[in-house]
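Reading through the C-alpha cells given below for one structure.
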Amino acid sequence: MNELAGEVNISRANAYQRLDRLRRTGVIRGFTAVVDPAAVGLGVSALILANVEQHAWRRARDTLRHLPGLAYLAMTTGGFDFALVVRVPDVETLRDVVLDRLQGMPEVRSTQTVFVLDEDDLLAGGGRPIPDSPTPAGASS
C-alpha cells in the first residue's frame with residue numbers, strides 16, 4: 001500500500017480509505033493471483049469460437065461454464081455466438097474437449113478452434129491505460 005500511495009502521491013491512510021470505498025461500491029470486485037498456465041501444466045491454449053442454437057443460448061452458456069479447462073467465456077455478436085479460451089495440458093485433452101464435450105452438446109451447431117501460439121496477458125499487468133478523451137466542444141476541462 002505504501003508503494004501505491006507513493007505512486008499517486010497520497011498518504012497511506014488515504015490510499016486505504018479509497019481502496020475500501022472502491023471495494024464497498026463494487027468498483028473493485030476482488031483480487032486474484034496471476035498464474036502462468038504452462039507452469040501449472042496447462043501448456044496448450046486455444047480460442048474456440050462456437051455457434052449454438054439460438055433458442056438454447058442460455059442452456060448452452062450454462063453448460064459451457066463447466067467445460068474442462070475453460071479460462072474465459074464471452075457471448076458475442078457477429079459470426080459466432082460464443083468465444084472461449086481453454087487451457088489444457090496437451091492436444092489430446094483439447095481434442096476431447098472440442099470433439100467430445102463441445103460437439104456432444106445438442107445446443108452446439110459448430111465450432112472453430114484456433115491454437116494460441118503466444119500471448120500477452122494485458123490484464124495481468126493492469127492493462128493498458130485508457131488515453132484521456134478529448135474534451136467535448138464547449139466544455140471546460
_Tell me whether the count of non-hydrogen atoms from other residues, nucleotides or ligands lying under 6.0 Å of CZ in Arg29 goes above 12._
no

*Would you list the pairs meeting salt bridge (Lys or Arg N to Asp or Glu O under 4.0 Å) in which at least one residue belongs to residues 5-21, sequence neighbours left out?*
Asp20-Arg24

*Taking C-beta and beyond as the side chain, do Phe115 and Leu47 meet within less than 4.5 Å on heavy atoms?*
no

*asked:* For a quick check under 3.5 Å, do Gln103 and Thr111 share a side-chain donor-acceptor pair by atom type?
replied: yes

*Check the hydrophobic clustering (I, L, V, M, F, W, Y; side-chain heavy atoms under 4.5 Å; chains of links allowed) and say if Phe31 and Met1 are grouped together.*
yes

*Same cluster for Leu42 and Leu94 if Ile/Leu/Val/Met/Phe/Trp/Tyr side chains link at under 4.5 Å?*
no

_Could you see if Leu19 belongs to whatever hydrophobic cluster contains Ile10? Use Ile, Leu, Val, Met, Phe, Trp, Tyr and a side-chain cutoff under 4.5 Å._
no

*Considering all heavy atoms of both residues, which atom of Thr113 and which atom of Ala46 are nearest to each other, and what is their separation?*
CG2-CB, 4.0 Å

*Answer whether the closest heavy-atom distance between the side chains of Ile48 and Leu102 falls below 4.5 Å.*
yes

*Does atom CG of Asn9 have more than 12 heavy-atom neighbours from other groups under 6.0 Å away?*
no

*asked:* Going by side-chain hydrogen bond (donor to acceptor under 3.5 Å, both in side chains), name the pairs with one or both residues in residues 31-44, residues two or more places apart or in two chains.
replied: none

*Check Glu107, Met105, Glu53 against Arg59 for a side-chain contact (heavy atoms from CB on, under 4.5 Å) and give me the one that passes.*
Glu107

_Hydrophobic cluster membership, with links at side-chain heavy-atom distances under 4.5 Å among I/L/V/M/F/W/Y: are Val116 and Val44 in one?_
no

*Same cluster or not: are Ile28 and Leu4 linked, directly or through other Ile, Leu, Val, Met, Phe, Trp or Tyr residues, by side-chain heavy atoms under 4.5 angstrom apart?*
yes

Donor-acceptor list for residues 75-90 side chains, cut-off 3.5 Å, not counting sequence neighbours:
| unit_1 | atom_1 | unit_2 | atom_2 | d |
| --- | --- | --- | --- | --- |
| Thr76 | OG1 | Phe80 | O | 2.6 |
| Thr76 | OG1 | Asp81 | O | 3.4 |
| Asp81 | OD1 | Gln54 | NE2 | 3.3 |
| Asp81 | OD2 | Val52 | N | 2.8 |
| Asp81 | OD2 | Gln54 | NE2 | 3.1 |
| Arg87 | NH1 | Ser45 | OG | 2.8 |
| Arg87 | NH1 | Glu119 | OE2 | 2.8 |
| Arg87 | NH2 | Glu119 | OE1 | 3.2 |
| Asp90 | OD1 | Glu92 | N | 3.3 |
| Asp90 | OD1 | Thr93 | N | 2.8 |
| Asp90 | OD1 | Thr93 | OG1 | 2.7 |

*Hey, does Leu64 have a side-chain heavy atom less than 4.5 Å from the side chain of Arg61?*
no

_Using the rule given for side chain to side chain contact (heavy atoms under 4.5 Å, CB included), can you reason through Leu73 versus Arg65, listing the C-alpha separation, both sets of side-chain angles and the distance that settles it, and then say yes or no?_
CA-CA 7 Å; Leu73 174 64; Arg65 286 179 174 153; 3.8 Å; yes

_I'd like to check Val108 versus Asn51 (side-chain heavy atoms, cut-off strictly below 4.5 Å). Are they in contact?_
no

*Calculate, to the nearest 0.5 Å, the distance between atoms CG and OH belonging to Leu70 and Tyr72 respectively.*
10.5 Å

